[in-house]
Amino acid sequence: MTDSSKWNEIDRLIRRWVKEKAIPGAVVDISLGGDVRWSQAYGSYSDGTAECQVTERTMFDVASLTKVTVTLPVILALAERGRLRLDDPVQAYIPAFRHPNVTLRHLLMHTSGLSPELPYAKRTERRDVIPLVLKQELVTEPGEQALYSDLGMILLGEVAAVVSGQSLDACARRYVFDPLGMADSTFNPRPELLGRIAATEPLEDGYGYVHGVVHDEKSYHLGGVSGSAGLFTTADDLRKYARAWLDPDDGGLLSRETIDACFRNPYQGRALGWEIWHGQERAPSCGASWPHGSFGHTGFTGTSLWIDPFHELIVVFLTNAVHFGRSPIMRELRPILHTAVYTSLIGDK
């Protein structure tokens with residue numbers, strides 16, 4: 001597709017949002033099949049001393065995209081190798097977990113009954129996150145309700161470490177980043193990468209920004225590595241990762257059988273790991289125009305990845321929605337962007 005008009009509406013949207021300071025900057029990477037790709041960088045961010053331009057090589061703290069880009073494939077890779085089973089109780093791997101009827105599958109589908117969050121604690125506070133998670137009571141019975149929970153994904157990161165004998169970031173490198181050539185994906189980025197990393201939120205004392213260290217407080221208290229957040233990556237690496245879900249026969253990540261099984265029997269908008277659009281009352285952040293069976297995920301910092309497997313459409317949207325302060329604006333912007341993409345590229349096909 002060489003018709004540049006296909007991209008004009010998308011380009012205008014992002015430029016307007018940057019101009020209006022809805023977002024400071026962004027990278028948008030869109031691909032359709034194996035032949036069509038469009039990628040653009042917009043705007044800038046402050047590092048506390050200067051304004052830095054966003055480029056296509058800018059690394060973002062992708063927050064909860066860690067859940068589907070690291071924790072999900074690591075757990076599935078270990079299952080493929082017979083190191084664990086998804087229907088095993090969490091207690092089989094973490095005996096201190098107090099709820100015998102909660103399985104790994106429940107954690108992946110956010111149906112464990114665990115609460116979404118721990119009580120808020122500032123980054124400057126000290127706390128032991130894992131003992132706090134293990135003390136939590138269930139708010140619903142396992143399998144009864146889809147309730148999005150950071151805590152379940154943190155536990156899955158711990159399960160991966162127990163089963164593999166390696167840290168979660170080492171597992172990510174072994175099972176995901178290295179096989180797919182995701183050279184710009186990492187936890188706890190090295191100091192020399194700081195110039196490529198978009199700063200997220202102003203520091204609580206008002207001097208400077210959270211920059212080069214994870215934004216999520218729980219992950220920060222866990223040393224920057226958790227099953228819920230902590231990944232820094234680029235739009236190009238996320239595109240590579242998404243392609244692996246569309247082309248499993250090319251190898252490198254998971255088998256087609258494993259990938260297909262992730263989307264069987266979705267429940268209240270949740271597949272294994274992914275959010276899935278299957279006609280629930282409220283459309284997810286891809287918007288209602290995308291076909292049922294599209295799957296994706298978002299991150300609190302403003303990031304998102306959505307995949308339409310029928311047209312092999314991938315949309316990576318990386319920005320810093322917290323750069324001007326925490327705001328729910330991304331809930332409005334994401335469906336607008338994805339609807340514009342779908343209308344421009346797919347239309348009535």
Side-chain angles (χ1 to χ4, degrees), residues 27 29-39 56-57 59-60 62 64-86 104 108 153 156-157 159-161 163-187 189 193 225 227 230-264 271-276 293-297 299 303-318:
V27 177
D29 192 303
I30 302 167
S31 56
L32 184 65
D35 301 322
V36 177
R37 187 179 177 200
W38 182 79
S39 183
E56 291 176 46
R57 297 185 70 244
M59 298 172 67
F60 288 80
V62 297
S64 285
L65 287 188
T66 306
K67 294 177 172 71
V68 291
T69 309
V70 172
T71 311
L72 172 65
V74 165
I75 290 293
L76 294 177
L78 291 170
E80 285 190 338
R81 289 157 177 79
R83 306 291 295 278
L84 56 78
R85 295 177 300 182
L86 299 187
L104 303 184
L108 281 174
M153 301 305 288
L156 285 169
V159 169
V163 168
S164 67
Q166 298 180 304
S167 62
L168 180 62
D169 51 339
C171 289
R173 183 69 52 198
R174 177 178 180 180
Y175 295 118
V176 185
F177 304 157
D178 286 348
L180 298 182
M182 296 169 64
D184 289 324
S185 297
T186 188
F187 291 85
L193 292 173
V225 180
L231 176 63
F232 288 76
T233 190
T234 61
D236 185 54
D237 271 12
L238 287 176
R239 179 194 59 84
K240 291 175 183 176
Y241 178 71
R243 282 300 319 173
W245 281 79
L246 294 176
D247 299 322
D249 295 332
D250 287 349
L253 187 64
L254 301 164
S255 69
R256 181 173 293 279
E257 181 181 6
T258 294
I259 286 176
D260 288 347
C262 286
F263 303 104
R264 294 194 194 113
L272 284 182
W274 297 99
E275 188 174 7
I276 187 168
S294 297
F295 57 95
H297 211 281
T303 59
S304 63
L305 170 63
W306 273 96
I307 303 167
D308 164 10
F310 309 104
H311 300 95
E312 297 192 359
L313 173 64
I314 299 167
V315 179
V316 181
F317 183 35
L318 302 184

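- Between the CZ atom in Arg85 and the CG atom in Leu104 there is a gap of 10.0 Å [rounded to 0.5 Å].
- Ile314 contributes atom CD1, which lies 7.5 Å from atom CG of Leu305 (distance to the nearest 0.5 angstrom).
- Looking at Val70 and Val176, their side chains never come closer than 4.5 Å, going by heavy atoms from C-beta outward.
- Enclosure of atom CZ in Arg37 by more than 12 non-hydrogen atoms of other residues, nucleotides or ligands within 6.0 angstrom is indicated.
- Leu76 CG to Leu86 CG: the interatomic distance, rounded to the nearest 0.5 Å, is 6.0 Å.
- Rounding to the nearest 0.5 Å places CG of Leu78 at 6.0 Å from OG of Ser164.
- For the pair Asp236/Met182, no side-chain contact is recorded, criterion being any heavy-atom separation below 4.5 Å from C-beta on.
- Counting only heavy atoms from C-beta outward, the side chains of Leu84 and Ile75 approach each other to under 4.5 Å.
- With hydrogens and angles disregarded, no donor-acceptor distance shorter than 3.5 Å links the side chain of Asp308 to the backbone of Leu313.
- Ion pairing between Arg256 and Asp249 holds under the 4.0 Å rule for side-chain N and carboxylate O.
- The two residues Val68 and Gly273 have their closest heavy-atom pair at CG1-O, 3.4 Å.
- Shown here for Ala261 and Leu272, the closest heavy-atom pair between the two residues is O-CD1, 4.4 Å.
- Without hydrogens or angle criteria, Ser64 side chain to Gly299 main chain gives no donor-acceptor distance under 3.5 Å.
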Could you walk me through whether Val62 and Leu318 pass side chain to side chain contact (heavy atoms under 4.5 Å, CB included), step by step?
-> CA-CA 8 Å; Val62 297; Leu318 302 184; 4.1 Å; yes
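- Note that OG of Ser294 is 7.0 Å distant from CH2 of Trp306, once rounded to the nearest 0.5 Å.
- Looking at every heavy atom in both residues, Asp237 comes nearest to Gly181 through OD1-O, 4.1 Å.
- At a threshold of 4.0 Å, the pair Arg173-Asp169 does not count as salt-bridged, since none of the basic side-chain nitrogens sits closer than that to a carboxylate oxygen.
- In this structure, Leu253 and Pro73 have side chains that are in contact, with non-hydrogen atoms separated by less than 4.5 Å.
- Note that OG1 of Thr303 is 8.0 Å distant from CG of Leu238, once rounded to the nearest 0.5 Å.
- Side-chain contact between His297 and Ser304: absent, with no pair of heavy atoms (C-beta onward) separated by less than 4.5 Å.
- The heavy-atom pair separating Gly230 from Thr66 by the smallest distance is N-OG1, 3.3 Å.
- The minimum heavy-atom distance linking Ile276 with Ala271 is given by the pair CG2-N, 3.8 Å.
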Are Met59 and Thr186 close enough, and set up right, to give a side chain to side chain contact (heavy atoms under 4.5 Å, CB included), and what steps lead you there?
-> CA-CA 10 Å; Met59 298 172 67; Thr186 188; 4.0 Å; yes
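- Across all their heavy atoms, Ala244 and Ile259 have their closest contact at O-CD1, 3.7 Å.
- Lys240 and Asp29 are not joined by a salt bridge, as no carboxylate oxygen comes within less than 4.0 angstrom of a charged side-chain nitrogen.
- A heavy-atom distance below 4.5 Å is not found between the side chains of Glu257 and Glu80.
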Under the side chain to side chain contact (heavy atoms under 4.5 Å, CB included) rule, what do Val316 and Val27 come out as? Steps first, then yes or no, please.
-> CA-CA 8 Å; Val316 181; Val27 177; over 6 Å; no
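- The aromatic ring centroids of Phe295 and Phe263 lie less than 6.0 Å from each other.
- In this structure, the side chain of Thr258 does not engage the main chain of Leu254 through any donor-acceptor pair within 3.5 Å.
- Thr234 and Glu56 share no donor-acceptor pair across their side chains, judged by distance under 3.5 Å alone.
- Without hydrogens or angle criteria, Tyr241 side chain to Phe177 main chain gives no donor-acceptor distance under 3.5 Å.
- Between Pro309 and Leu246 the shortest side-chain heavy-atom distance falls below 4.5 Å.
- Looking at Thr71, its side chain never comes within 3.5 Å of a backbone N or O of Gly157 through a donor-acceptor pair.
- Side-chain atoms of Lys67 and Trp274, non-hydrogen and from C-beta on, never get closer than 4.5 Å to each other.
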Given Cys262 and Trp245, is the side chain to side chain contact (heavy atoms under 4.5 Å, CB included) satisfied, shown in steps?
-> CA-CA 11 Å; Cys262 286; Trp245 281 79; 3.9 Å; yes
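- Side chain of Arg83 to main chain of Val163: a donor-acceptor pair is present (N/O by atom type, distance under 3.5 Å, no hydrogens or angles).
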